[in-house]
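Report on the following structure.
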Amino acid sequence: MLDKRFIRENPDVVKQAVRVKGLDLDVDELLQLDQDNRKLQFEVDTAQARRKSFSKEFAKADEVRKAELRAESTTFDKQLQELREQLSATSARLNELMLATPTIPWEGAPVGADESANTVVRTWGTPPEFDFTPLDHVDLAEKRGWAEFARARRVAGERAYVLCGDAVLLERALHSYALDLLHGSGFRLMSVPSLVKEAPLVGTGMLPKGRAEIYEIPADDAFLAGTAEVSLVGLHAGEILDASRLPIRYAGISPCFRREIGSASRDVRGLLRVHQFEKVEQFVICADDQDESDRWHAELLGTAESILQALGLAYEVVECATGDMGVGKYRMNDINTWFPSLGLFRETHSCSSLKDWQARRANVRYRTAGGEVHFAYTLNNTAVATPRLLAAVLENFQTADGALRVPEVLRPYLGGRETL
RNA sequence: GGUGGAGUCGCCUAGUGGCCGAGGGCGCACGCCUCGAAAGCGUGUGAGGGGGCAACCCCUCCGUGGGUUCAAAUCCCACCUCCACCGCCA
């Protein structure tokens with residue numbers, strides 16, 4: 001969500017953002033509604049001021065005047081009611097359009113309709129070379145008894161999986177490593193709800209547009225969140241934070257649920273695209289200062305890279321194109337990790353800066369040292385998301401004898417074992 | 001699942017229909033006092049929207065949404081959240 005004043009003063013900038021992000025939003029309609037809405041607001045305010053004066057006078061009036069006032073009020077209320085209805089109709093529509101307004105993307109972002117316009121910023125590491133025929137993670141996991149797919153799908157349908165034995169320990173090790181790392185660098189560890197209400201989903205921008213992607217539980221007016229970000233933003237919804245509390249840094253861990261409705265029958269094999277997964281997420285709320293936000297973006301991205309480097313996984317960092325980054329984002333960098341079975345890099349992390357787009361929706365504000373109330377800036381990035389990253393570890397570190405070489409940083413979490 | 005209680009301006013609290021256009025205390029800010037501070041005294045102290053060149057002015061908000069009334073923090077209904085107890089339970 002953008003600032004209305006900004007839209008009024010910079011309609012062309014907004015239109016440009018709508019265009020490069022490939023969105024369907026009529027900025028002129030929005031501007032017209034905004035103007036209509038303000039006019040109606042003024043009329044309603046004025047009418048209400050007058051209406052209030054009737055009641056004031058009533059208390060002091062004699063019986064004759066009271067009868068007059070009652071009659072006048074009734075007539076006046078009809079007009080007022082009509083105005084109110086008009087106002088609520090225009091403001092509802094205005095709000096609908098406001099929720100669809102995009103963050104103006106970073107000028108450095110490649111302009112393009114979709115991910116094919118993304119550019120590689122840098123790569124790290126070298127994809128492993130095998131002197132044997134490596135298995136993909138599905139074959140390897142099944143061979144070692146580390147996963148069940150056919151049976152899992154009997155239980156939970158397509159894209160379901162069961163991790164078994166050492167794969168469970170390895171998954172847990174990845175999350176433990178990420179949590180310890182973040183805890184050590186000042187992030188507050190937060191284990192948050194996945195079962196959430198509608199408001200935080202609207203606040204984070206997952207709704208209304210992303211409805212098809214989210215599991216709904218209508219009996220309880222609840223939803224299953226696709227990321228811990230939903231709860232982490234929601235925790236501070238409606239608050240005015242003291243500047244001294246910023247930046248807020250959270251490492252959120254939660255089960256994540258996604259319907260994957262837009263990618264039906266894609267990646268149906270294995271652990272790459274599943275409906276339920278486990279993610280440690282980095283999340284920051286900071287002041288509305290672009291330089292500071294940029295620094296956090298770099299740090300969140302750097303932390304994710306350091307995790308992959310520590311694991312010894314080759315990856316590339318991608319600058320996401322305007323059409324790929326999503327409505328609310330100012331800048332987005334994906335990190336794609338090498339998957340030997342695919343012979344390419346696949347997304348394992350996604351780092352986003354949203355400026356105050358999310359904070360405006362969720363009404364997360366802070367009071368500056370000077371006493372002014374501002375919307376905060378928010379950023380987020382994956383730290384570790386499994387089982388996708390687990391699959392990368394399985395594929396990259398398999399050995400000729402069908403074993404798995406455990407990355408050194410994970411060994412402390414696996415009783416010091418060097419291979420599984 | 002059941003029963004009872006509660007949600008007021010950062011915090012505590014007053015407020016059972018018009019004098020609430022929300023009072024008091026704490027905290028905070030500024031000033032006076034002081035060598036300096038504390039104490040004391042005084043003043044100020046929310047958010048959102050709108051109008052005006054401006055000084056200013058108006059509207060909305062007492063958990064949320066409805067309702068009753070000329071008039072609602074106050075009365076009625078529903079919901080949300082919290083607390084206590086009972087039942088069930090990982």
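Numbered from 1 within each chain, the chains take letters A, B, ... in sequence-line order.
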Please give, in whole Å, the distance from [N] [atom2] to [X] [atom1]?
| X | N | atom1 | atom2 | result |
| --- | --- | --- | --- | --- |
| Glu372(A) | G46(B) | CD | C1' | 16 Å |
| His374(A) | A47(B) | NE2 | C1' | 14 Å |
| Leu40(A) | G50(B) | CG | P | 13 Å |
| Lys197(A) | U64(B) | NZ | P | 13 Å |
| Asp221(A) | U81(B) | CG | P | 11 Å |
| Asp220(A) | C80(B) | CG | P | 10 Å |
| Asn363(A) | G46(B) | CG | P | 18 Å |
| Glu198(A) | C80(B) | CD | P | 15 Å |

[N] to [M] separation - [atom1] atoms, rounded to the nearest Å:
| N | M | atom1 | answer |
| --- | --- | --- | --- |
| U74(B) | G17(B) | C1' | 7 Å |
| C33(B) | G42(B) | P | 16 Å |
| A71(B) | U16(B) | C1' | 16 Å |
| C9(B) | C28(B) | C1' | 14 Å |
| G65(B) | A54(B) | C1' | 40 Å |
| U34(B) | A39(B) | C1' | 11 Å |
| C30(B) | G15(B) | P | 34 Å |
| U8(B) | A47(B) | C1' | 15 Å |

Considering every strand shown, what is the Watson-Crick or G-U wobble mate of [N] when both distances are under 3.5 Å?
| N | result |
| --- | --- |
| C53(B) | none |
| G23(B) | U13(B) |
| C88(B) | none |
| A6(B) | U81(B) |
| C62(B) | none |
| A71(B) | none |
| G44(B) | C28(B) |
| G36(B) | none |

Distances under 3.5 Å between nitrogen or oxygen atoms of protein and nucleotides 57-60 of chain B:
{"unit_1": "C59(B)", "atom_1": "O3'", "unit_2": "Gln48(A)", "atom_2": "NE2", "d": "3.1"}
{"unit_1": "C59(B)", "atom_1": "O2'", "unit_2": "Asp45(A)", "atom_2": "OD1", "d": "2.9"}
{"unit_1": "C59(B)", "atom_1": "O2'", "unit_2": "Gln48(A)", "atom_2": "NE2", "d": "2.9"}
{"unit_1": "U60(B)", "atom_1": "OP2", "unit_2": "Lys52(A)", "atom_2": "NZ", "d": "3.1"}

**Study point:** Within 6.0 angstrom of Glu216(A) CD, more than 12 heavy atoms from elsewhere
**Key:** yes
Point to revise | Residue whose nearest RNA chain B nucleotide is more 5′ - Lys56(A) or Lys39(A) | key: Lys56(A)
Study note, to complete from the structure: Judged by nearest nucleotide, the residue sitting upstream toward the 5' end of RNA chain B, Leu69(A) or Ile240(A), is Ile240(A)
Check: [X] side chain, [Y] main-chain N or O, donor-acceptor pair, under 3.5 Å:
| X | Y | value |
| --- | --- | --- |
| Asn396(A) | Trp338(A) | yes |
| Trp296(A) | Ser353(A) | no |
| Glu171(A) | Val168(A) | no |

Review point. Among Leu272(A), Asp267(A), Asp136(A), which one satisfies side-chain contact (heavy atoms from CB on, under 4.5 Å) with Leu342(A)?
Key: Leu272(A)
Review point. When all nucleic acid strands are considered with a 4.0 Å heavy-atom cut-off, which category describes Phe42(A): base, sugar-phosphate, or nothing?
Key: sugar-phosphate
Check your understanding: Which is true for Arg38(A) with a 4.0 Å heavy-atom rule: it touches a base, it touches only sugar-phosphate, or it touches nothing?
Key -> sugar-phosphate
**Study point:** Atom of Ser73(A), atom of Phe54(A) and distance for their closest heavy-atom approach
**Key:** OG-CD1, 3.6 Å
Review point. Distance only, no hydrogens: is a donor on one side chain within 3.5 Å (strictly under) of an acceptor on the other, for Thr382(A) and Lys279(A)?
Key: no
Check your understanding: Between A71(B) and Arg70(A), is there an OP1 or OP2 to side-chain N/O distance shorter than 4.0 Å?
Key -> no
Review point. Within the structure, does a side-chain N or O atom of Arg65(A) lie under 4.0 Å from either OP1 or OP2 of C70(B)?
Key: no
Review point. Quick one: do Arg360(A) and Asp356(A) make a salt bridge, cutoff under 4.0 Å?
Key: yes
Practice item. Among residues two or more places apart or on two chains, list those pairs meeting side-chain hydrogen bond (donor to acceptor under 3.5 Å, both in side chains) that have a residue in residues 402-416 of chain A. Key: Asp180(A)-Tyr413(A)
